[in-house]
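Here the structure is a predicted model, which means the values were calculated and not measured.
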Amino acid sequence: MTTMRALIGGSGSPRLIEAPLPQAGRGQIRIKVAAAGVNPFDLAVAAGVLADYGVARKLDAYGLGFDAAGVVDQVGEGAAFALGQEVIALASRLEAPTKAQAEYVVVDARAAALAPRGVSAAEAATLPLNALTAWQSLDRAHLRQGETVLVTGAAGAVGGYAVELAAARGLRVVAAAGRQDEELVRGFGAEWFVSREENLAEAVRRQVPGGVDAVIDAAITGLAGLDALRDGGAFIALSAGVAPVPLRGTDVATVFFREEPRQLAEIVRLAELGRLTTRVAGTYPLEKAADAHARLSAGGVRGRLVLLP
């Protein structure tokens with residue numbers, strides 16, 4: 001076999017093409033993909049707007065998909081994996097011609113980890129980008145045990161993992177989500193709940209006088225979230241071009257996911273222990289990727305949509 005099916009974007013919607021079968025180089029592995037997550041970032045890639053935000057060059061096409069779960073199919077020299085091992089991986093390069101939403105993907109070995117036992121491929125594919133983003137956002141906030149953090153979009157894929165990881169670190173969590181999601185996010189470990197229908201800052205400050213120590217802004221609330229933060233606190237934005245001005249001495253940063261093998265291995269361990277809740281909102285074949293994109297664009301998805309090559 002010299003070709004494979006793969007999804008590319010850049011012209012407004014995902015397109016399924018025949019692409020060259022990628023080969024693993026030194027320090028890399030090739031994965032036969034069993035499941036690939038569909039993230040909001042994929043919508044931006046498909047729409048061709050990465051260059052507008054200054055995060056990638058303007059190209060005719062970009063490979064789609066950051067999250068993969070599957071089986072090691074080829075091992076490059078020096079890569080510490082074996083053929084047939086079940087793995088999850090983060091395909092982090094924005095300008096790669098093909099990525100995780102394909103029949104095969106090549107990644108650096110440091111971007112992969114053994115898949116969590118007892119978790120389906122579709123569930124495992126929700127972990128890499130979302131859980132690493134949540135983990136790295138909490139790291140950037142520099143919080144100490146017992147401090148408070150507001151997670152907006154707490155019922156979403158990144159937000160849900162952020163609540164669970166924050167609670168596991170001994171942080172006190174305010175979760176902001178839709179009214180119907182209160183029981184869900186409290187189950188993730190949130191101590192307080194704020195409905196997104198309320199005035200965010202006022203509702204948070206009623207429960208945490210003086211404001212929270214940090215905000216993980218998965219819902220892109222911007223200045224509204226910043227107003228819930230104490231003076232000098234940390235505000236973590238998760239999308240390019242949406243971070244608010246660092247008013248009142250606040251520490252405002254934008255966090256993008258990155259490969260980190262030790263963190264990914266710990267995420268796998270937590271998933272095996274049931275301390276990270278993998279949620280699959282629906283599955284689609286590669287040829288129905290446009291339907292998955294449309295459903296995600298419409299909003300209201302709880303968990304992650306997954307493609308099954």
Side-chain angles (χ1 to χ4, degrees), residues 37-44 67 119-120 122-127 129-131 133-135 137-138 148-169 171-208 211-212 214-229 235-239 242 270-271 274-284 288 291-307:
V38 182
N39 292 281
F41 208 169
D42 292 310
L43 304 184
D67 292 314
V119 174
S120 71
E123 292 168 328
T126 71
L127 286 165
L129 182 150
N130 298 292
T133 298
W135 185 296
S137 299
L138 290 165
T148 55
V149 57
L150 165 65
V151 178
T152 70
V158 174
Y161 287 144
V163 173
E164 290 185 308
L165 289 170
R169 295 183 182 198
L171 302 174
R172 304 179 71 188
V173 181
V174 184
R179 286 194 185 97
Q180 72 277 13
D181 296 314
E182 179 174 0
E183 182 178 355
L184 175 71
V185 298
R186 286 191 184 276
F188 291 157
E191 181 175 347
W192 300 288
F193 175 78
V194 171
S195 168
R196 65 166 171 252
E197 290 79 16
E198 299 179 78
N199 179 293
L200 181 60
E202 290 182 5
V204 170
R205 286 172 176 270
R206 279 197 301 270
Q207 300 181 83
V208 185
V212 292
V215 176
I216 307 298
D217 193 27
I220 315 180
T221 64
L223 286 169
L226 189 76
D227 198 29
L229 183 65
F235 183 100
I236 309 301
L238 304 182
S239 299
V242 299
L270 292 172
R275 295 173 64 183
L276 284 179
T277 305
T278 55
R279 292 174 294 148
V280 176
T283 61
Y284 298 79
K288 296 291 186 180
D291 293 344
H293 279 226
R295 182 175 169 191
L296 185 57
S297 296
V301 174
R302 295 296 176 261
R304 187 56 71 220
L305 302 174
V306 177
L307 299 177

Hey, which of T277, T126, T278 is the one that makes side-chain hydrogen bond (donor to acceptor under 3.5 Å, both in side chains) with Y161?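 Checked T277, T126, T278 against Y161; only one passes side-chain hydrogen bond (donor to acceptor under 3.5 Å, both in side chains): T126.
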So [Y] and [X], do their side chains get closer than 4.5 Å, heavy atoms only?
| X | Y | value |
| --- | --- | --- |
| L184 | R279 | yes |
| N39 | V158 | no |
| R304 | L296 | yes |
| L276 | L165 | yes |
| V204 | V215 | no |
| V194 | L200 | yes |
| L226 | D217 | no |
| Y284 | V38 | no |

Apply the test side-chain contact (heavy atoms from CB on, under 4.5 Å) to residues R169 and V149: give CA-CA distance (whole Å), side-chain angles for both, the deciding distance (0.1 Å), then the verdict. CA-CA 11 Å; R169 295 183 182 198; V149 57; over 6 Å; no
Interatomic spacing from [atom1] in [X] to [atom2] in [Y] - rounded to 0.5 Å:
| X | Y | atom1 | atom2 | result |
| --- | --- | --- | --- | --- |
| D291 | L305 | CG | CG | 10.5 Å |
| Q180 | E182 | CD | CD | 11.0 Å |
| S137 | I216 | OG | CD1 | 5.0 Å |
| D42 | L307 | CG | CG | 8.0 Å |
| D181 | F188 | CG | CZ | 8.5 Å |

From CA spacing to verdict: side-chain contact (heavy atoms from CB on, under 4.5 Å), L150, V208: CA-CA 10 Å; L150 165 65; V208 185; over 6 Å; no
Of the non-hydrogen atoms in [X] and [Y], which two are nearest, and what is the gap between them?
| X | Y | answer |
| --- | --- | --- |
| V242 | A237 | CG2-CB, 4.3 Å |
| G303 | A157 | O-CB, 4.0 Å |
| A281 | R302 | CB-O, 3.4 Å |
| I220 | S239 | CD1-OG, 3.8 Å |
| T283 | A122 | CG2-CB, 4.4 Å |
| R172 | E191 | NH2-OE2, 2.5 Å |

Do you see a donor-acceptor pair shorter than 3.5 Å between the side chains of S120 and E123? yes
Determine whether a donor-acceptor pair (N or O, by modelled atom type, separation under 3.5 Å) exists between the side chain of T152 and the backbone of A218.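 The answer is yes, because a donor-acceptor pair under 3.5 Å joins these two groups.
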Mark yes or no for whether R205, through its side chain, and L229, through its backbone, hold a donor-acceptor pair below 3.5 Å.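 Yes.
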So for atom CD, which belongs to E183, do other residues, nucleotides or ligands contribute more than 12 heavy atoms lying within a distance under 6.0 Å?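 Count not over threshold, so no.
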